[in-house]
Q: 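Quick one: this structure, given as structure tokens, is what I'll be asking you about.
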Amino acid sequence: MKHAFVIGDQVQHSRSPVIHQHWIKKYKLANCSYEAIVVTRDDIEDFESRLRSGEFVGGNVTIPHKETALALADERSSTAQAIGAANTLIVSETNQKVSAHNTDAYGFAANLDSGAPQWRNGKTALVLGAGGAARAIVYAVLEAGYERVALANRTLSRTDWFVENFGAKVVPIAWDAVENELPSADLMVNTTSLGMEGNPPLDICLKNAKETLIVTDIVYVPLQTDLMQRATANGLTTVDGLGMLLHQAVPGFEMWFGVRPEVTPELRALVLADLGATA
Ligand code: ATR
């Protein structure tokens, strides 16, 4: 049997089991399984012992273990190392060595490749938020060849990490200066929790945006956040955040189970139904 997991302290809300269990069924992998396991900070050492005992082929890691997962691994991908966090672990079947990967940057880029492939021609990005998700996204945007990433965060000091780690293409800007960036931005990304169900909306006027601006949001509950609705009303191209969640799951599944799965409309509908939303 090949067992995989998603661990985290709030993992009962994770949609990853829906995604991976769908693929296990679709590709008829009768000897494979994927389950959510609640692991708190206090439990992580015990979980590491289970990992090293060979119980699993690997799994996903979410809050609050993404940095710990990177630290405990025997090997780290260059992407995970650069982002400073891992969301995917692989356990070698021969020697139980643990390798740490980060597929969030891939998921972000693959979602845009699918929804607005012209994003790769852009040069200037505007990223809102400087938390963990922003690290993978700024990494992906720079990898795609962007020359300037204006990074706005309510707490400006959190942008320091980005300049130190990713260099001078990252330009910190004040939270209230965001609208000034819109005439030159090719891509705008919300990585904050604003707009998520139960949170206030992201209140930004898009009227000065370039008409070719692509707007994407990592929030996917609701799928059409206030930002996405406003972008659509302004005639801008939008890509919703659900695709990033679906695409980031692809490399992990392939590494654990040996089949590269596909992100299909059927999978998207399944996850949307699970979220209780409508397409
Ligand atoms: P994640 O790791 O998922 O990105 P996080 O590290 O908690 O989560 O980051 C959440 C992001 O949303 C941060 O950029 C946060 O801004 P601060 O660094 O100033 O906290 C942003 N955010 C959350 N609530 C916000 C609000 N009311 N106004 C502006 N930004 C907010």
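Just follow the structure's listing: the first ligand is 1, and inside any ligand the first atom is 1.
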Q: Does any N/O atom on T192 come nearer than 3.5 Å to any N/O atom on ligand 1?
A: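 N/O-N/O distance under 3.5 Å: no.
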
Q: Return the residue, atom name and 0.1 Å-rounded distance of the protein heavy atom closest to atom 20 (O) of ligand 1.
A: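 Scanning the protein heavy atoms, the shortest distance from atom 20 (O) of ligand 1 goes to R154 NH2, 2.8 Å.
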
Q: Strictly distance-based, threshold 3.5 Å: is any side-chain N or O of R135 a donor or acceptor partner for the main-chain N or O of G84?
A: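 No; judged by distance alone, with no hydrogens or angles, the pair does not exist.
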
Q: Between D9 and R41, is there a salt bridge with N-O shorter than 4.0 Å?
A: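 No.
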
Q: Return yes if some donor-acceptor pair links the side-chain N/O of D217 with the main-chain N/O of D240 below 3.5 Å, else return no.
A: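 No: the side chain of D217 does not pair with the backbone of D240.
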
Q: Decide whether N60 and Y34 meet the rule of one side-chain donor and one side-chain acceptor closer than 3.5 Å.
A: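 Yes, side-chain donor-acceptor contact under 3.5 Å.
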
Q: Counting from 1, what ligand 1 atoms have a heavy atom of W175 closer than 4.0 Å?
A: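 In order of number, 29 (C).
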
Q: In the protein, which heavy atom is nearest to atom 29 (C) of ligand 1, and how far is it?
A: L194 CD1, 3.5 Å

Q: Strictly by modelled atom types, are D43 and T40 linked by a side-chain donor-acceptor pair under 3.5 Å?
A: yes

Q: May I ask you to identify, for A130, whether its side chain, its backbone, both or neither come under 4.0 Å of ligand 1 on a heavy-atom basis?
A: backbone

Q: For the residue pair H20 and W256, does the interplanar ring angle fall in the parallel (under 30°), tilted (30 to 60°) or perpendicular (over 60°) class?
A: tilted

Q: Counting only N and O atoms by type, is there a donor-acceptor contact under 3.5 Å from the side chain of N208 to the main-chain atoms of E181?
A: no

Q: Report the nearest protein non-hydrogen atom to atom 19 (O) of ligand 1: residue, atom name, distance rounded to 0.1 Å.
A: T155 OG1, 2.5 Å

Q: Is it the side chain (CB and beyond), the backbone, both or neither of N153 that lies under 4.0 Å from ligand 1, heavy atoms counted?
A: side chain

Q: Note the single closest protein heavy atom to atom 1 (P) of ligand 1, along with its residue, its atom name and the distance in Å.
A: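 Looking at atom 1 (P) of ligand 1, the protein heavy atom closest to it is G132 N, 3.6 Å.
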
Q: What is the closest protein heavy atom to atom 23 (C) of ligand 1, and at what distance does it sit?
A: S193 OG, 3.3 Å

Q: So which protein heavy atom does atom 7 (O) of ligand 1 come closest to, and at what separation?
A: R158 NH1, 4.5 Å

Q: Short question: side chain of T103, backbone of Y106 - any donor-acceptor pair under 3.5 Å?
A: no

Q: Is there any N or O on P200 that sits under 3.5 Å from an N or O of ligand 1?
A: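 No.
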
Q: What's the shortest distance from atom 9 (O) of ligand 1 to any protein heavy atom, and which residue and atom give it?
A: G131 CA, 3.7 Å

Q: Determine, stepwise, if the pair F47 / F5 fulfils ring-ring contact (aromatic ring centres under 6.0 Å, His included).
A: CA-CA 11 Å; F47 188 80; F5 56 79; 4.9 Å; yes

Q: As an exercise, identify every atom of ligand 1 less than 4.0 angstrom from a heavy atom of G129.
A: 14 (O)

